[in-house]
**Q** 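Below is one structure. I have some questions about it.
Remember, it's 1-based here, ligands and their atoms both numbered in the order they're listed.
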Amino acid sequence: MTFVVAAVIAVLLLGAWFAWACVWPYSTFFRPVLMRGPADGKRVTLTFDDGPSEQFTAQVLDILREQGVPATFFVCGRNVEARPDLLRRIVAEGHAVGNHTYSHPFVCFKSQRRIAEEIDRTQTIIEGVTGARPCVFRPPYGARWFGLVPTLLERGMRMVLWSAAGYDWKKGAAGITRAALRGLKPGAVILLHDGRETRPPTEVDRSPTVQALPAIIEGARQRGYTFAPLRDFLPAA
Ligand SMILES: [Zn+2]
């Protein structure tokens, strides 16, 4: 009986540790990781995950161009293969590109080899389109695992999570705007999505994000924030 109780407690503790260290986006158990930039000055940075996407990346780019705001796009290799032209436009318009794996797997419990394959395949695809290999990586779902950190360190890549989320996977435009603005602090890294995590032809509707974006930019500026490129938040190499 005592053994059963001890086993149940051990399983619960292990589960709690896993949820905190590997899944909760604000845990720093796996390091190095950037969640927020320097707190000096009122600078924030925008990031978009899961693109490029057929319908929504161009709309996001139009708004960013109109507003003169730089951003970082954490793209999936599979989506780049489908729309390399959109990745070329991202770079041509002065935005940065990050690696978000090839097929958007949940990295927990994956081998280091499997994680490395996802990263390397995407680095090669991005380099083939843009001529450069990204130095930043964001894990799908913000999940982290043991093989991930050494893989990134070997490649001189930095893991970037976020400190302000628009929760655009579940909220409408007004809710996205409120959530993103609520998370603003000096150095905030804002998480939004311009693409889909699932295999085509399943398309995720990102129109709430597109609708929210001008209001997020305007709201941040009204609060005295300026938009900086992510590279300004990274320690000098
Ligand atoms: Zn993602």
Side-chain angles (χ1 to χ4, degrees), residues 19 22-27 30 33-36 45-61 64 71-84 86-87 90 95-110 114-123 125-126 129 134-145 147-149 151-152 157-171 175-176 179-180 183 188-210 212-213 216 230:
C22 306
V23 185
W24 191 54
Y26 306 114
S27 145
F30 292 98
V33 59
L34 180 99
M35 279 182 286
R36 203 179 136 191
T45 197
L46 275 175
T47 64
F48 293 89
D49 287 9
D50 298 357
S53 84
E54 189 78 29
Q55 264 186 290
F56 302 105
T57 302
Q59 296 181 50
V60 166
L61 286 169
L64 296 175
T72 302
F73 290 79
F74 287 94
V75 297
C76 291
R78 191 171 59 192
N79 294 343
V80 173
E81 281 178 338
R83 290 302 303 264
L86 286 168
L87 188 65
I90 287 170
H95 303 294
V97 177
N99 185 321
H100 194 48
T101 71
Y102 180 78
S103 63
H104 209 277
F106 186 64
V107 297
C108 299
F109 308 106
K110 298 271 189 304
R114 168 90 172 83
I115 293 171
E117 275 169 13
E118 282 279 338
I119 293 173
D120 291 341
R121 189 172 178 188
T122 301
Q123 289 292 83
I125 291 167
I126 294 172
V129 175
C135 64
V136 285
F137 172 82
R138 177 173 284 157
Y141 315 103
R144 286 136 287 161
W145 194 241
L148 179 59
V149 172
T151 303
L152 294 174
M157 297 174 79
R158 185 158 274 272
M159 178 154 58
V160 177
L161 292 178
W162 60 87
S163 64
Y167 297 95
D168 54 349
W169 55 93
K170 60 179 182 186
K171 288 183 186 285
I176 295 168
V189 176
I190 304 165
L191 167 70
L192 294 168
H193 294 79
D194 65 316
R196 66 187 161 232
E197 66 202 43
T198 47
R199 198 175 266 282
T202 317
E203 183 68 276
V204 173
D205 181 16
R206 295 295 179 204
S207 49
T209 306
V210 172
L213 186 54
I216 293 171
L230 178 62

**Q** Counting only protein N/O/S, how many atoms fall short of 2.8 Å from the Zn ion (ligand 1)?
**A** 3

**Q** For a quick test of reading the model, state the closest non-hydrogen atom pair linking D194 to V60 and the distance between them.
**A** CB-CG2, 4.1 Å

**Q** To check you understand the geometry: which heavy-atom pair defines the closest contact between A188 and G183, and what is its length?
**A** CB-O, 4.1 Å

**Q** Could you label the plane-to-plane angle of the H193 and W169 rings as parallel, tilted or perpendicular, counting under 30° as parallel and over 60° as perpendicular?
**A** perpendicular

**Q** Should the pair R144 and F30 be classed as cation-pi, given the thresholds of under 6.0 Å to the six-membered ring centre and 45° from the axis?
**A** no

**Q** Under the 3.5 angstrom rule, does the side chain of T72 hit a backbone N or O of V97 as a donor-acceptor pair?
**A** no

**Q** Quick one: does any side-chain atom of N99 pair with a main-chain N or O of I119 as donor and acceptor, under 3.5 Å?
**A** yes

